[in-house]
Amino acid sequence: MKKQGGTMINKAKGTYDVLPNESFKWALLEEKARKLLTLFGYKEIRTPIFEYSEVFHRENEQSDMVTKETYDFFDKGDRQLTLRPEGTAGVIRSFVENKLYVQNHLSKLYYIGPNFRYERPQKGRFRQFMQFGVEAVGSNDPALDAEVIGLAYSFIKELGLKGVKVRINSLGDNDSRLAFKEALTNHFSPHSETLCSDCKHRLDKNPLRILDCKVDQKHEAVVNAPTPQDHLNAVSRAYFQSVLNYLDSADIVYEIAPKLVRGLDYYTHTVFEIEADIEGFGAQNVLGGGGRYQSLVKELGGPDLPGIGFAFGMERLLLAMEAEEIGFADESKPDVFMVAVGQQARIEAIKLLFEARRNQLVADMDFNGTNFKSQFKAALKSNAKYVFILGDDEINTKTVSIKNTETQEQEQVPSKIAIRTIRSRLGK
Ligand code: AMP
């Protein structure tokens with residue numbers, strides 16, 4: 001065929017399309033998430049995908065994600081905006097702006113939506129990616145930490161993923177964090193010349209960031225760095241122990257990860273990650289993670305309230321499920337497919353098609369097919385459970401021939417009871 005019109009345009013780097021034969025998996029994953037979140041008492045919050053830049057670019061936030069990877073732009077009114085690179089800051093901005101703390105002592109919120117980071121794309125890492133996550137704002141109870149971690153854990157269990165680990169650590173309260181920071185500065189200062197240029201800068205601003213530097217990962221000083229655990233004060237130690245006790249009581253299996261610090265600067269006390277041991281995943285085996293934050297609500301202009309949350313990357317969840325060959329049932333395959341030859345038969349087929357749908361049956365027909373053969377082929381391709389065949393004979397006798405595509409059995413029933421017959425066969 002001669003090509004007409006313009007040149008084909010590819011998707012932007014680091015993005016992907018969810019095609020029709022895949023989209024049901026996304027819908028099912030979301031549905032599973034929503035169900036479990038509802039069981040745990042979380043309610044959905046939907047915030048914009050772009051915010052004023054200062055929501056993310058805050059004085060205290062020096063993570064790579066925020067300093068290097070955001071999509072920042074000016075709109076036509078010269079407002080400086082940022083596509084959200086993560087869910088928490090926008091949710092807290094909305095929590096503060098809408099004074100959600102007035103209605104409830106504890107707000108249990110969840111979100112599902114796209115985020116944007118200018119990262120180097122690779123397997124399980126995109127520039128637009130989907131996260132679902134929760135934020136529980138308003139309580140300092142260590143039992144809430146266990147509940148949030150337990151929710152993340154239950155979700156992974158529910159999906160059927162194996163080899164899943166909860167890794168947990170504590171950064172302690174502000175004082176402990178400061179003590180740890182000082183210890184890191186002392187530890188890294190003699191090595192500053194051999195650290196990468198970013199880490200040299202981090203040494204001044206936030207030495208915690210050196211611990212998760214991708215370049216210096218194997219640097220001896222990084223490998224031998226002090227851990228947050230060594231610098232927890234008594235209060236923080238007791239808090240952490242209490243979280244662990246609650247996790248034990250809820251039968252949540254975890255592993256203490258002394259070096260875990262997580263990528264964002266707002267965390268205090270509990271931090272955690274959910275990891276799956278999946279072949280070929282390499283460094284992308286972290287399915288999700290989160291932690292407790294003490295000052296973010298205040299930093300964004302709200303009252304002095306603590307929060308705790310986590311986020312899962314949905315692409316990675318789906319990749320992990322694929323790798324472990326966990327199938328999703330495709331509910332979209334038709335219960336019944338109409339094959340109708342001749343004008344009168346097609347009129348009758350349309351009638352039955354709509355009747356089927358009114359009766360909660362997934363129903364379809366071939367809108368291109370002309371002859372019987374091509375329509376029947378389309379019916380089989382759709383994986384329909386039953387095919388309705390309507391030809392001259394059926395029209396004259398006001399009947400429908402129903403073929404069971406699995407058993408190949410065929411029967412002829414009055415068209416009046418055709419839909420009812422299918423419903424009872426399917427136990428609907
Ligand atoms: P973070 O917000 O960085 O703590 O990430 C939480 C989870 O989101 C990660 O464990 C990943 O599953 C997912 N994630 C983060 N960045 C990306 C990305 N660029 N592409 C795909 N998934 C991502």
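By convention here, the first residue in the shown sequence is residue 1. Counting starts at 1 for both ligands and their atoms, following the listed order.
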Problem - N/O separation below 3.5 Å, Arg117 to ligand 1 - result: yes
Exercise for the section: Give the C-alpha distance, both sets of side-chain angles, the deciding distance and a yes or no for side-chain contact (heavy atoms from CB on, under 4.5 Å) between Leu203 and Lys200. Expected result: CA-CA 5 Å; Leu203 189 52; Lys200 281 190 190 114; 5.8 Å; no
Exercise for the section: Using distance alone, decide if ligand 1 has a nitrogen or oxygen within less than 3.5 Å of any nitrogen or oxygen in Ala311. Expected result: no
Practice task
Decide whether an N or O pair under 3.5 Å exists between Leu287 and ligand 1.
Solution key: yes
Handout entry: Ring centres under 6.0 angstrom apart (Tyr386, Phe337)
Key = no
Practice task
Of all the heavy-atom pairs spanning Ser107 and Phe95, show the shortest one and how long it is.
Solution key: OG-CE1, 3.4 Å
Problem - Nearest option to atom 5 (O) of ligand 1, as decided by whichever heavy atom of Glu273, Gln131, Met65 sits closest - result: Gln131
Handout entry: Test of proximity, Gly289 against ligand 1: N or O pairs below 3.5 Å
Key = no
Problem - Min N/O separation Phe312 to ligand 1 under 3.5 Å - result: no
Practice task
Could you tell me if the ring centre of Phe312 sits under 6.0 Å from that of Phe132?
Solution key: yes
Problem - Atom indices of ligand 1, in the order listed, that fall short of 4.0 Å to a heavy atom of Gly288 - result: 10 (O)
Handout entry: Single hit among Asp173, Asp145, Asn233, Asn140 for side chain to side chain donor-acceptor pair (under 3.5 Å) with Tyr239
Key = Asp145
Handout entry: Arg125 near ligand 1 by a heavy-atom separation under 4.0 Å
Key = yes
Exercise for the section: Enumerate the atoms of ligand 1 whose separation from the nearest heavy atom of Gly313 is less than 4.0 angstrom. Expected result: 7 (C), 8 (O), 12 (O), 13 (C)
Handout entry: Contact summary for Asn115 and Pro85, nearest pair of heavy atoms
Key = CB-O, 3.7 Å
Problem - Close aromatic pair by centroid cut-off 6.0 Å: Phe129 and Phe116 - result: no
Practice task
Run the numbers for me: atoms of ligand 1, each under 4.0 Å from some heavy atom of Val286, listed by number.
Solution key: 9 (C), 10 (O), 11 (C), 12 (O)
